[in-house]
Amino acid sequence: MSNSEKLYNAFAHALHIDPQRISDALAYNSIPEWDSVAHMALVAEIETVFAIMMDTDDIVDMSSVGKAKQIVAKHGIAF
Amino acid sequence: MLLQDKVALITGATRGIGLATATLFAQEGAQVVISGRSLENLEEARARLVAAVPAARISALLLDVAKPDSVRDAFQALFKQASRLDALVSNAGVLDDALIGMVTEAQLERVFRTNTFGVCYCAQYAGRWMARNGSGSIINLASIIGTNGNAGQAVYAGSKAAVIGITRSLAKELAPQNVRVNAIAPGFIDTDMARSIGPEKFAARVASVMMGRVGQPEEVAKVALFLASDLSSYVTGQTIGVDGGMLI
């Protein structure tokens, strides 16, 4: 499984949505399932999947799936 | 042992209440991570810990809780070396007293950055990490000055009262993830910080303690042990006074 697929699966699992709905353009608060509570669950899921600990500023900045890729990539994960 | 194989991070652990807590936690089987701002002081504290508890598993981490980048770097370094974090004791604190008319902006900044912001910064990382593991205990050091207030200590009192509010809120926020958050409010404890007020004030403070003596750091550490261990598995959002019946 590629890292992009892992990330998409993390989003689908944490937000309880169909993976088909996920694209790099999907943005925070653009769907009811991605609110602030779900955002923290999402962060936990991503940190677990990629075995990383994210910077607090990055958590706040993680405004889309595409942005999440950039943030995770900072921890040496290639997309 | 109450903390067998648990991983505990203690901030401001090079002396006083922090060092006493690190010692007790190590005696109870914890893998203890001590942190502080000075490498020299950390090495000295580590040596004292190993001397007191030869079997102790101690590691040291440079950490200035007042600086968010330092907190981030320390937690990310700890994340790489430890598989989990079971307890955080946010003990690092500063005391800088002045009558309100003489409080400077620099004093406010310094005291709140360490005593209050530092608690938040550390809880952000520890809380997330513990939530992922489905358990954990965060212990914040408040103060009787924060619960009762005291003349000439408005800034310190404010910084510590805020810690109590933060503790209660975090307890509610993290309870669903089985992360407990409590505070300890020490009274007059025999630390370098307490001694810094001078012998006359020191004696006056002791006179205000109903038990008639200054508390020992180890007596605070015992309450931290209770809160870090499963003995307090259903305790969260509380502030426990350790003050010998001190009146303010």
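Here is how names work: the chains are called A, B, and so on, in the same order as the sequence lines, proteins then strands, and each is numbered from 1. Keep in mind that what you see is a predicted model, and the values were worked out from it rather than measured.
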Considering residues, nucleotides and ligands other than Gln177(B), do more than 12 of their heavy atoms fall under 6.0 Å from its CD?
-> yes
Over 12 foreign heavy atoms within 6.0 Å of CD, Glu105(B) = no
By number, which residues in residues 18-50 of chain B have some heavy atom less than 4.5 Å away from chain A?
-> none
Within a reach of under 6.0 Å around NZ of Lys69(A), are more than 12 heavy atoms found that belong to other residues, nucleotides or ligands?
-> yes
For Phe75(B), is it the side chain, the backbone, both or neither that has a heavy atom under 4.5 Å from a heavy atom of chain A?
-> both
Flag the one option from Met53(A), Met40(A), Glu45(A) with the top tally of heavy-atom pairs under 4.5 Å to chain B.
-> Met53(A)
Out of curiosity, Asp69(B) CG to Asp55(A) CG, how far, rounded to the nearest 0.5 Å?
-> 7.5 Å
Pair count under 4.5 Å, heavy atoms only, with chain B: among Ile52(A), Val37(A), Asp57(A), Ile59(A), highest is Ile52(A)
Of all the residues in residues 122-133 of chain B, which have a heavy atom that comes within less than 4.5 Å of a heavy atom in chain A?
-> Gln124(B), Tyr125(B), Arg128(B), Trp129(B), Arg132(B)
